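Notes for the one structure printed next.
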Amino acid sequence: MTLEAGAADATVDATEGRVLRALPDEHTATGTGNSIYSGTVTLSTSAAGLLGYRTIDPLRGNSRTCNLNHAWSGTCTTFSDFNNVWGDGNPLTAQTAAVDVHYGAANAWDYFKNRQGRNGIFGDGTGVESRVHRGTGWVNASWSLSQKVMQYGDGVNDASPLVALDVVGHEMTHGVNQAEIPPDGMLYTGESGGLNETTSDIFGTMAEFYAANASDPADYEIGEELDLFGNGEPLRYMNQPSLDGASVDCYYNGVGNLDVHYSSGVGNHFFFLLAEGSGNTPYGSSTTCNNSSLVGIGRTKAAKIWYHALRHYFTAGESFKNARSDTLAATAELYGKCGTTYRSVARAWAAVGVGSALPIECLIIPVWDLVWEEWPRNPIPDPGPYKWLHKIQEKGSLETIEVGVNITHPRRGDLRISLVSPAGKEYLIKAQNREDREADVTEVFPVRLGGVAEPGEWTLVVEDVVKGESGHVRGWSLLY
């Protein structure tokens, strides 16, 4: 038999009472939202006849944004509107926070689908419920493990809803974490708790980059639009986590005893270094914990590695040591073992104090397109530069090459090393570092070309900046 079921016609099995087929009376509509943090945005809503428009997204599993109306739990009412224009940019207007969340949830959904191939939080196309205006003066946003919904407070005096783009992406990722790692995601305590938060910070940030919203430019700061402290500072910094005064940049035994939002700094710092590299970047300066210099592999590739590790390797009790092994395993599957990307992942972990920069499984000398060249033990002028040449015969289109260097020197911090292309462009490989008192340089450095490997003579320039101790170049090579 057929009966009316709310705003839909449903065909029900007369014997068992099961709904066999439902034909919604609602249709996808395109609305306009005036948000708090993201400017004027486009919203996917549903048109439901006499009900007007509702904050239900048919394009994303009927995800729903609803109003708890300052209750802590209970009935959450779907927002409705008759002209499909939502909010006015004022955080005190009930609809406005719903605009940010509805838009942010759609954007995070699209990021996971279009960049990671994931169909919603649960991977099955099922939508998610986002509850706004939870409680009174609640300075928080959360993913509920038991109810599997996202919840957002309105902040101090209910005037600063915690609904910015990266925050919404952060909370949705907690759901993805729970869906991927049985029974309920990475444990929210100890080192696994820090990695749980790292994972949400990573993909909240990636969702912000995906949105490319001019009103909320993408960065590696978490919750910077909220201004919860009243001084314009974000909740967390990924480039240098310790800037918030509580998070840590580097791993140490006992880091798991910190609040998970602070221990997450180790993973956040790793991800930034892997994606963007060390030194001055467009997204802030980042130093390493071992005085190394890193070239980033790009955030798209870095996020793909982390997501692959999350899906196939991370466990509930994940530690930072495990995360290093697991991201290396993910990298090997995606990009090959012991290649440029693989070694970049190892170097980035070492740069935050986790493991060795050169994985033991990669100690075997790789096959070089240009073989390692042994040179006489020519002394490096002290002080002064010395130059060695490699000649490339063919032109190639490359993003990254590798420079292998073998130098003996009692104080490697005295050395500045660069690579110069045939056209004269200099790529700094290693800067002078007066604090680095270790001996010798035996390392493979990635160099981002961003396009073309020119034919002709490529020059390695080794400069001993400080007078007093001398060294020798034993050899160097290019892998391209």
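It should be emphasised that the depicted structure is a prediction, and the values quoted were computed from it without experimental measurement.
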Counting distance only, does the side-chain N/O of [X] pair as donor-acceptor with the main-chain N or O of [Y] below 3.5 Å?
X	Y	result
Arg118	Ile121	yes
Asp100	Ala164	no
Arg324	Ser356	yes
Thr65	Ala98	no
Asp166	Glu208	no
Asp249	Ser242	yes

message = For Leu294 versus Ala348, what's the shortest heavy-atom pair and its separation?
response =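 For Leu294 versus Ala348, the nearest heavy atoms are CD1-CA, 3.8 Å.
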
query = Would the Phe203 and Phe112 ring centres measure less than 6.0 Å apart?
reply =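 Yes, the ring centres sit under 6.0 Å apart.
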
ask   = For the rings on Tyr210 and Trp109, is their centre-to-centre separation under 6.0 Å?
value =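 Between Tyr210 and Trp109, the centre distance exceeds or equals 6.0 Å.
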
Under-4.0 Å salt bridge between Arg311 and Glu333 =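 No.
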
Compute whether any side-chain donor of one residue and acceptor of the other, for [X] and [Y], lie under 3.5 angstrom apart.
X	Y	value
His308	Gln116	no
Asp216	Ser38	no
His269	Ser286	yes

key: Residue list, side-chain contact (heavy atoms from CB on, under 4.5 Å) with Asn290, at least two apart or on another chain   =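 Counting only residues at least two positions away or on another chain, Asn290 forms a side-chain contact (heavy atoms from CB on, under 4.5 Å) with Thr288, Ser292, Ala350, Ala351.
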
query = Of the options Ser264, Ser263, Ser319, which is the one that meets Glu191 in a side-chain contact (heavy atoms from CB on, under 4.5 Å)?
reply =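 Answer after filtering Ser264, Ser263, Ser319: Ser319.
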
task = Establish, for the pair Lys301 and Tyr335, whether the NZ or CZ atom is under 6.0 angstrom from the six-membered ring centre and no further than 45 degrees off its axis.
result =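 So Lys301 does make the cation-pi contact.
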
request  = Tell me, please, which residues at least two apart from Tyr283 pass ring-ring contact (aromatic ring centres under 6.0 Å, His included).
outcome  =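 By the ring-ring contact (aromatic ring centres under 6.0 Å, His included) rule, Tyr283 matches Phe209, Tyr220.
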
